[in-house]
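Some notes on the structure that comes next.
Heavy-atom basis, side chains included; hydrogens, waters and symmetry copies ignored.
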Amino acid sequence: MTQLNTAPNFEKADDFYATLLAAHEGLEEADMHALNARLILILANHIGDQPVLEAAIDAAKGS
């Protein structure tokens with residue numbers, strides 16, 4: 001089992017953030033939520049490890 005990596009792991013974090021913001025430009029709120037949900041599911045599929053995904057949810061909730 002892999003552990004959740006919460007240490008900085010981006011080579012170009014600002015570039016990713018800009019890309020993420022650009023993907024949301026011009027979208028209505030519901031479409032933004034749908035985009036975020038699809039992105040989460042795609043990334044969760046890429047990770048594919050249930051305990052890591054649960055740890056990520058806990059981390060996001062602040063627990």
Side-chain angles (χ1 to χ4, degrees):
M1 175 177 77
T2 306
Q3 298 227 348
L4 180 65
N5 178 8
T6 58
N9 196 32
F10 279 93
E11 288 184 22
K12 297 181 178 180
D14 290 340
D15 291 348
F16 171 74
Y17 187 67
T19 300
L20 184 60
L21 289 180
H24 287 83
E25 283 182 21
L27 296 179
E28 298 290 329
E29 185 174 356
D31 294 325
M32 288 184 202
H33 290 303
L35 172 64
N36 289 334
R38 288 190 304 272
L39 179 58
I40 289 166
L41 292 173
I42 289 166
L43 293 173
N45 181 68
H46 177 75
I47 294 166
D49 186 309
Q50 185 71 22
V52 171
L53 295 169
E54 290 173 3
I57 291 169
D58 288 343
K61 288 171 34 179
S63 56

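- The two atoms that bring D49 and T2 nearest to each other are OD2-N, 3.6 Å, heavy atoms only.
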Side chains of residues 36-48: which donor-acceptor partners sit under 3.5 Å, not counting sequence neighbours?
from, atom 1, to, atom 2, distance (Å)
N36, OD1, H24, NE2, 2.8
N36, ND2, M32, O, 3.4

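- Taking Ile, Leu, Val, Met, Phe, Trp and Tyr as members and joining any whose side-chain heavy atoms lie under 4.5 Å apart, directly or through other members, the hydrophobic cluster of L21 also contains Y17.
- Of all non-hydrogen atoms in L4 and A59, the two that sit nearest each other are CD2-CB, 4.2 Å.
- Counting heavy atoms of neighbouring residues, nucleotides and ligands inside a 6.0 Å radius, atom CG of D14 does not exceed 12 of them.
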